[in-house]
> 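Attaching a single structure in structure tokens format; questions to follow.
In what follows, every heavy atom counts, from backbone to side chain, and hydrogens, waters and symmetry copies are set aside. Source: prediction; values computed, not measured.
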Amino acid sequence: MPRQGANAGDQLAQLLRHYEQLLTVRRCEERLQRLFAEGEVPGFIHLSIGQEAISVGVMSALSDSDTIASTHRGHGHALAKGMPLEGFFAELLARDSGVCRGRGGSMHVADMSVGMLGANGIVGAGLSIATGSALAHKLKRSGNIAVSFFGDGALAEGLLHECGNVAALMKLPILLVCEANGWSEFSPADRQIAFNLADWSKAYGIEYRKADGNDVLAVAEAAEVLIHAVRDGEGPALLECTTSRWRGHFEGDAQKYRPQDEVQGRDPLEVAAAYLAREGVGEQHLSQISARIDAEVEAAIAAARAAPPANYESGFADVYTLSAG
Amino acid sequence: MPRQGANAGDQLAQLLRHYEQLLTVRRCEERLQRLFAEGEVPGFIHLSIGQEAISVGVMSALSDSDTIASTHRGHGHALAKGMPLEGFFAELLARDSGVCRGRGGSMHVADMSVGMLGANGIVGAGLSIATGSALAHKLKRSGNIAVSFFGDGALAEGLLHECGNVAALMKLPILLVCEANGWSEFSPADRQIAFNLADWSKAYGIEYRKADGNDVLAVAEAAEVLIHAVRDGEGPALLECTTSRWRGHFEGDAQKYRPQDEVQGRDPLEVAAAYLAREGVGEQHLSQISARIDAEVEAAIAAARAAPPANYESGFADVYTLSAG
Amino acid sequence: MADLRYGAAISQALTDAMAEDPSVIVMGEDIGGAGGSFGITRGLLDKFGPERVIDTPISEAAIAGMAVGAAMSGLKPVLEIMFMDFVTLTMDALVNQAAKARFMFGGQGSVPMVLRTPHGGGLSAGPQHSQCLEAWFAHVPGLKVVCPSGPANAYGLLRSAIADPDPVVFIEHKGLYAKKGPVPDVLTVIPLGQAATLRQGDRVTVVSYGAAVALALAAAGQMADEGVSVEVIDLQTIQPWDETVVLASLAKTGHLVIVHEAVEAFGVGAEITARMADIGFAHLSGPIIRVGAPFMPVPFAAELEARYRPSVERVVTAIRKTLGKE
Amino acid sequence: MADLRYGAAISQALTDAMAEDPSVIVMGEDIGGAGGSFGITRGLLDKFGPERVIDTPISEAAIAGMAVGAAMSGLKPVLEIMFMDFVTLTMDALVNQAAKARFMFGGQGSVPMVLRTPHGGGLSAGPQHSQCLEAWFAHVPGLKVVCPSGPANAYGLLRSAIADPDPVVFIEHKGLYAKKGPVPDVLTVIPLGQAATLRQGDRVTVVSYGAAVALALAAAGQMADEGVSVEVIDLQTIQPWDETVVLASLAKTGHLVIVHEAVEAFGVGAEITARMADIGFAHLSGPIIRVGAPFMPVPFAAELEARYRPSVERVVTAIRKTLGKE
Ligand SMILES: Cc1ncc(C[n+]2csc(CCOP(=O)(O)OP(=O)(O)O)c2C)c(N)n1
Ligand SMILES: Cc1ncc(C[n+]2csc(CCOP(=O)(O)OP(=O)(O)O)c2C)c(N)n1
Ligand SMILES: [Mg+2]
Ligand SMILES: [Mg+2]
């Protein structure tokens, strides 16, 4: 599903970038999985393994000054938006050089410099933050847009309705991206949600598309079409991406609630590799990429490990500013 | 629009009951208007003059053990549900004999003995209270239903979405009644709401009807059809009633925001009187009813005035119970 | 010195802040066309247009969260919540998002927003339209809490709140809106975090904020007639509050009374008492007495509400009590 | 005496209450099929079926409001909010509806509901999954607030909370769930509003609740080695709290220390201090010292969180401080 309007060379370069990003997110999370199991990463971590194509696909249509608000499952969003690997790992390893200086951890990775307004521990909260960010973009006539990522479980929160309504009324430049992985923590999402997003969007006059969330090109294409309209001032749009959560809700989740025979979606990496194969990019090229990314990830982890631990005293200065009025 | 399946005598009796209730609500609120202007009623009062047919029509399909959750504009709901006039006026006049012992006032009139779970100062809050009440009805297999009244401005609150979703999922016996008077306080409701309720209901799988909220028979008929299904376990339904708010948002509101030429809906009393005329009920009969109701209202006000004022000390015992565990 | 109404001073602060800084916007329910339920934002729509004066739907949770997101993206939103009781619907945005962003993102993500809201009773508005909930916010690291007592500090503190890089909960008293008071000819900015000593005295310190300051002053006047010299401190900012000024006063007087309209139990007065019972213990010559609302929702009936709210008499009684003059 | 885990004691209380009273239901996110995020409701679905053990969508505002409505209509809902931080989304239902109904409806409308929720840190769960917000609720007339310190009172207090005719916020500590402690062979109900004196002493009174009680006891043990006799009081119920027991202890010791995990500023300790600095002033022989969290969101990094949370050392320091032994 190569995009139209780009020439063959561009297309290939773009595909390769997608693949590299997908693999970067995958490798980072696989390493986190191990670091967590070995006790080096504390707290709750929610991996997006299996869902990477949504982050990578949507982000391919954004610039650094577009903003995103993310969720508890935010690593993919953060990395695809451009958060540096070292700051990312340093955060999860609770270092002072972490993007949040070790104060936030997995659920709060943020990098304002690339428009990543934060992962979020509160389901649904990102919806209103992104809506507000879109308001700022609109008033400043910056041409930027805001994107809110949220899961299919989050659809039950009232903020979906309030923000959908406000964004539609005010024609805000916001893209709502639902990552429909079929699970809301330990419960099937469809037992918690009585509506489908196509009908829901229609009721609010919100442009809607559905994409295969495991196919980075499908996501990128749908996102691009919607984002084009959003940027043009046509108001909010909603992109629903079906996907699968490969791991537990969080690392350490024994998943007793999960049927053995649950059908997993296709591997976003394999889907992307197949596209590349069609363009003549072979195994060898992919292994080179893989080796490079592995090295980058290991370097980032090594740098994070070598960094000083998070600092307690510095936190007090960031509770709030004591200005002279 | 006489109901089907009832014989002519029943129909007439029912119409007369509607008329009497409409007139009772009207007269009570007109008197409140004066009592407020004269300084006898303190606080904020929101009159439902012009909207009475919704309360009367819906309530005609309910029993005492069905429950309702109301709004800031709750006098009509309370009286039509069966709150005694004396307790009502005593409350607004801040007497100890008031339904809430003078502690709640207009925005909190409640009478649990007739299933009136309270007017409410928080826009939208009644939605969740009614949803919970419906849950209780369902679990107790009581055959009762719950009704939530709310305005067209309240549609912007997230609870509409959360409760609509939960009620649809759990197939709760609840009727949602939107009183669409076109205003959300000082702003036209359509500038605050991006969706229409027909599409919205459809998205959630909620049975929907729209009725002329100034025509008590139209409301009663639509309510009855929906309530029948709700009672039968078919899940939530929504009734949208178009109407007009004749007075300001609250008494004392100068309404500078309001267009001079706004078209008011028909008078629910005149609509009902026309039906009665068709059945041969003449002016004279109506004046008799009117005189009786006036007398009842004056008697209630006189009794309220004569009652002891609200009592301060007794309040402490009702903050919470200090039980022996 | 001129005379200005409290409400007008707040309007002026909004107007001046908007005129000076194009990133300041105001948003809320019925604040544009209608000018706000208490008329505070009247005229702003005409002056600054609908892009900067935004009428929102009745969606408190969303608009509070939007203020956070807008603040993260370069605006300075001033959000009006019509009655303080409705902040119940905005707690997540304020507490979990706005308050924590700067810290939790490691010093990125300043959230320069102000939430303006009126608290307090006196209008027979009943249990859901009269509450004083400032203690909640003062307990949350990351939020500043401000509560002006009159027109001059309403203006000066609101200007500081809007200029502040962090989220500020700015609490007005609905009973004060129409009250006039003296203001300097040139309205001045008042820094956050500083108390004002409104009356000097050496026998008892009375600490207060908001509308209750007038009760403290009246009680001080009454005690003066009896020869008891009372110092009255207006906190102005509740979080961070001016411990230095209160402690210095206590060191002088040895007696402390705290007055506010909020429920006494677990209220703001508890914290001031607790700090002074620790760092000021050596200075204490008598019990610290709080005057606040009893443990009861705000009743509707006017007579009940009048008994419920703190009064000059209750402040006087408290002063006598700490002096052992009961 | 048997040994039981804190989490198991809570499960047992739920099971017993549901078995005894068919109007008791439990509801919350993932509490049915999955047995709750901390496993507390495990087994209830099989025992009592999906009508009484209700898995809800992620709609905290709605389910809290539903609990209110269900309680008004004859059920006794026990609602689980997965982390106390998420009560931000339930404040309206709790504060404006549940808390006020009995009073505001003139004595009609009892709202017999319980909101169970875990607070506290220790899991590196970060700023939005570790807060202790009990002071908010204690400030609201109409709500009872309970916080058990171990399995025996977790069971006994939860039974009382469920039986209570009014809304109760029942706060558990996630760090305690897996901890074992002694319980009587026959589990007993413990009335709300009563403190428990866990250790007798005559030099200093230490008041605490929840997980911090263990710190108080450890500090008391340590001080005993130094010959300082410390009395340890477990409040058990925070609203209404047992003023009588605390005052009597203070009358004996003259010194008071209060320990909790919540932020110290404007926290529960402030109220206890404030009451004692008033009605207990005559007994005070030293400053009242609070030990709580600093004014900072709960940090993620394990080492930071460990420094952030109160410790035995800090309690010991506080005891020394009030005794003037710094
Ligand atoms: C307000 C709130 N309620 C509940 C939770 C606990 N929680 C965290 S993730 C989650 C499920 C979210 O499901 P979904 O939105 O589909 O995201 P997914 O985990 O599938 O990516 C829940 C209930 C929370 N963090 N915040
Ligand atoms: C949560 C909340 N937000 C705002 C208000 C203030 N307020 C009271 S009524 C109202 C407008 C309600 O409009 P609608 O729901 O259409 O009811 P109507 O007044 O038209 O009957 C507003 C904004 C409130 N009481 N509660
Ligand atoms: Mg999901
Ligand atoms: Mg309306």
Side-chain angles (χ1 to χ4, degrees), chain A residues 122-129 131-132 134-135 148 150-174 176 178 184 187-208 210 234-238 240, chain B residues 122-129 131-132 134-135 148 150-174 176 178 184 187-208 210 234-238 240:
Chain A
I122 305 298
V123 167
L127 277 157
S128 60
I129 292 175
T131 307
L135 175 69
S148 173
F150 47 90
D152 39 4
L155 296 175
E157 290 284 7
L159 277 176
L160 178 73
H161 168 75
E162 295 192 2
C163 293
N165 182 51
V166 171
L169 275 175
M170 300 180 68
K171 283 188 164 271
L172 296 181
I174 182 169
L176 307 171
C178 179
S184 175
S187 300
D190 59 11
R191 275 205 257 142
Q192 306 201 343
I193 308 299
F195 53 94
N196 70 64
L197 279 174
D199 292 341
W200 185 88
S201 303
K202 203 166 143 219
Y204 295 70
I206 293 175
E207 194 61 34
Y208 166 86
K210 188 168 189 165
E234 293 180 22
L238 191 149
E240 178 174 9
Chain B
I122 305 298
V123 167
L127 278 157
S128 61
I129 292 175
T131 307
L135 175 69
S148 173
F150 50 89
D152 40 4
L155 296 175
E157 290 285 8
L159 278 177
L160 178 74
H161 169 75
E162 295 192 1
C163 292
N165 182 51
V166 173
L169 275 175
M170 299 180 70
K171 284 191 163 265
L172 296 181
I174 184 170
L176 307 171
C178 179
S184 176
S187 300
D190 59 11
R191 275 205 258 143
Q192 306 202 342
I193 307 299
F195 52 93
N196 70 63
L197 278 174
D199 292 342
W200 185 89
S201 303
K202 204 167 143 217
Y204 295 71
I206 293 176
E207 195 61 33
Y208 166 85
K210 187 170 190 164
E234 292 179 23
L238 191 149
E240 178 175 11

> Is a side-chain N or O of Glu162(B) found less than 3.5 angstrom from the main chain of Gly158(A), in a donor-acceptor match?
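Pair found, side chain donor or acceptor close to backbone of Gly158(A).
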
> Between atom NE2 of His161(B) and atom CG of Asn165(A), what is the distance when rounded to the nearest 0.5 Å?
12.0 Å

> Taking only residues two or more places apart in sequence or in another chain, which ones pass side-chain contact (heavy atoms from CB on, under 4.5 Å) with Ala154(A)?
Val123(A), Phe150(A)

> Under the side-chain hydrogen bond (donor to acceptor under 3.5 Å, both in side chains) rule, collect the residues that match up with Glu240(B), sequence neighbours excluded.
Tyr208(B)

> Within residues 192-205 of chain A, which positions have a heavy-atom distance to chain B below 4.5 Å?
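Listed by number, the contacting residues are Gln192(A), Ile193(A), Ala194(A), Phe195(A), Asn196(A), Asp199(A), Trp200(A), Ala203(A), Tyr204(A).
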
> Among the options Leu155(A), Val166(A), Leu169(A), pick out the one with the most heavy-atom pairs lying under 4.5 Å from chain B.
Leu169(A)

